Amino acid sequence: MTLYSVPKAPDLPREDYGPLRIRVFVADDNLVMRTGLRSILETHARVAVVGEAAADPDSLHRGRRLSPDVIVLGTGRHQLEQTLAGVAAAAAVLVVADTDESHQVQHALRLGVTSYLVHGQFTADDLVGAVLSTARREPCLSPGVLSGIVGTFRDAALPQPTVVAPPADHRLSRREAELMELIVLGRTNREIAQTLYISEKTVKNHVNHIYAKLSARNRAEVIAVWLGLRAAPDRFAA
């Protein structure tokens, strides 16, 4: 982790910059990207970069000791849950990511992230403006992120097929029942994994268990059995 001495802010017009500088900690596994973010932010008189480090939980927790107002976090190999544990409560977090996929954005926001920018969708001025907004706990989102969120609300407003409650003798676990509801709605294994925040391999394992419990051979058959449209086939019939 690299720390910086923060010089006293120059005398600037209050109406332009206000009396205080915003303390920023930059965290990104990519050294080149981290250096670029720091260089952009250091050009603004309102911003003081107090340190930088890789985007891992240990570095971020050490960075908290610098009392940053904003943490600029590049998403890397670490899970957001691990990286943000206890951090979002101590400082406002601005994520800079390489994707605007709705499920990842929503997951980050649920974990306490204030703002979310996507590479290729913001300028240097946008980055500084996002830091200033984030320090005030005012969300700042890239255009693609905002469009995805609006699309999610629009889709949620559309009528959804009614999922019939399963018979009690199916004996599926609660998680398996959640998967079945998504299977009935036509979701793929990848979409189910994104919705439930589990791996595709875990989804496949659950689906295989569901097939076994419902004596089904494929998705169409298991949906028919689940909805009570047909009895489970006798797979051992002569």
Side-chain angles (χ1 to χ4, degrees), residues 1-10 12 14 16-100 103-119 121-142 145-146 149 197:
M1 180 172 67
T2 305
L3 308 181
Y4 303 99
S5 62
V6 180
K8 179 181 181 296
L12 299 166
R14 182 186 179 92
D16 290 337
Y17 299 106
L20 300 176
R21 301 180 79 186
I22 294 170
R23 298 171 60 84
V24 177
F25 185 82
V26 180
D28 197 308
D29 288 339
N30 187 315
L31 177 59
V32 174
M33 193 65 64
R34 192 166 77 227
T35 302
L37 293 172
R38 188 194 75 222
S39 297
I40 292 172
L41 295 173
E42 285 179 334
T43 63
H44 198 279
R46 236 345 261 292
V47 176
V49 178
V50 296
E52 66 172 79
D56 62 77
D58 290 340
S59 294
L60 278 176
H61 283 296
R62 289 196 299 270
R64 287 175 57 187
R65 300 172 188 168
L66 302 173
S67 301
D69 301 304
V70 176
I71 294 174
V72 177
L73 173 64
T75 55
R77 65 182 181 275
H78 305 280
Q79 293 292 330
L80 276 177
E81 292 93 336
Q82 299 173 345
T83 307
L84 290 174
V87 173
V93 178
L94 163 61
V95 164
V96 180
D98 57 4
T99 177
D100 57 9
H103 74 278
Q104 181 165 317
V105 174
Q106 293 176 38
H107 188 41
L109 296 176
R110 290 191 188 102
L111 291 172
V113 167
T114 298
S115 299
Y116 197 107
L117 298 183
V118 179
H119 290 299
Q121 297 184 21
F122 65 88
T123 65
D125 288 341
D126 293 334
L127 175 63
V128 173
V131 167
L132 301 181
S133 295
T134 302
R136 299 190 296 267
R137 301 282 178 160
E138 296 175 358
C140 186
L141 307 173
S142 287
V145 172
L146 188 57
I149 292 175
Y197 303 112

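Computed from a prediction, not measured in an experiment: that's the story for all the values here. We use all heavy atoms of the structure for the numbers below, so side chains are in, but hydrogens, waters and symmetry mates are not.
- For Thr114, there are no side chain to side chain donor-acceptor pair (under 3.5 Å) partners at least two apart in sequence or on another chain.
- Two residues are said to be in side-chain contact when any heavy atoms from C-beta on lie closer than 4.5 Å; Tyr116 and Gln104 meet this criterion.
- Here the straight-line distance linking atom CG of Asp98 with atom CD of Gln121 works out to 11.0 Å at 0.5 Å rounding.
- The two residues Val131 and Val70 come nearest to each other via the heavy atoms O-CG2, 3.8 Å.
- Between atom CG of residue Leu127 and atom CD1 of residue Ile40 there is a gap of 5.5 Å, rounded to the nearest 0.5 Å.
- Side-chain atoms of Asp29 never come within 3.5 Å of backbone atoms of Ala54 as a donor-acceptor pair (strictly under, hydrogens ignored).
- Here the closest non-hydrogen pair linking Ser115 and Cys140 is OG-N, 2.9 Å.
- A distance-only check finds a donor-acceptor pair linking the side chain of Arg23 to the backbone of Leu66 [under 3.5 Å].
- Panel note: side chain Arg21, backbone Val47; a donor-acceptor pair is recorded below 3.5 Å.
- What you find for Gly63 and Pro68 is that their closest heavy atoms are O-CD, 3.5 Å.
- Rounding to the nearest 0.5 angstrom, the gap separating the CD atom in Glu52 from the OG1 atom in Thr35 is 5.5 Å.
- Proximity of a side-chain donor or acceptor of Ser59 to a complementary backbone N or O of Ala55 within less than 3.5 Å is not detected.
- Side chain of Arg34 to backbone of Ala27: no donor-acceptor contact under 3.5 angstrom is found.
- We find the CG-CZ distance between Leu31 and Arg38 to be 8.5 Å, quoted to the nearest 0.5 Å.
- Using a 4.5 Å cut-off on side-chain heavy atoms (C-beta onward), Leu60 and Leu73 make contact.
- Each of Asp126, Val96, Leu117 was evaluated against Ser142; a single residue qualifies, Leu117, per the side-chain contact (heavy atoms from CB on, under 4.5 Å) test.
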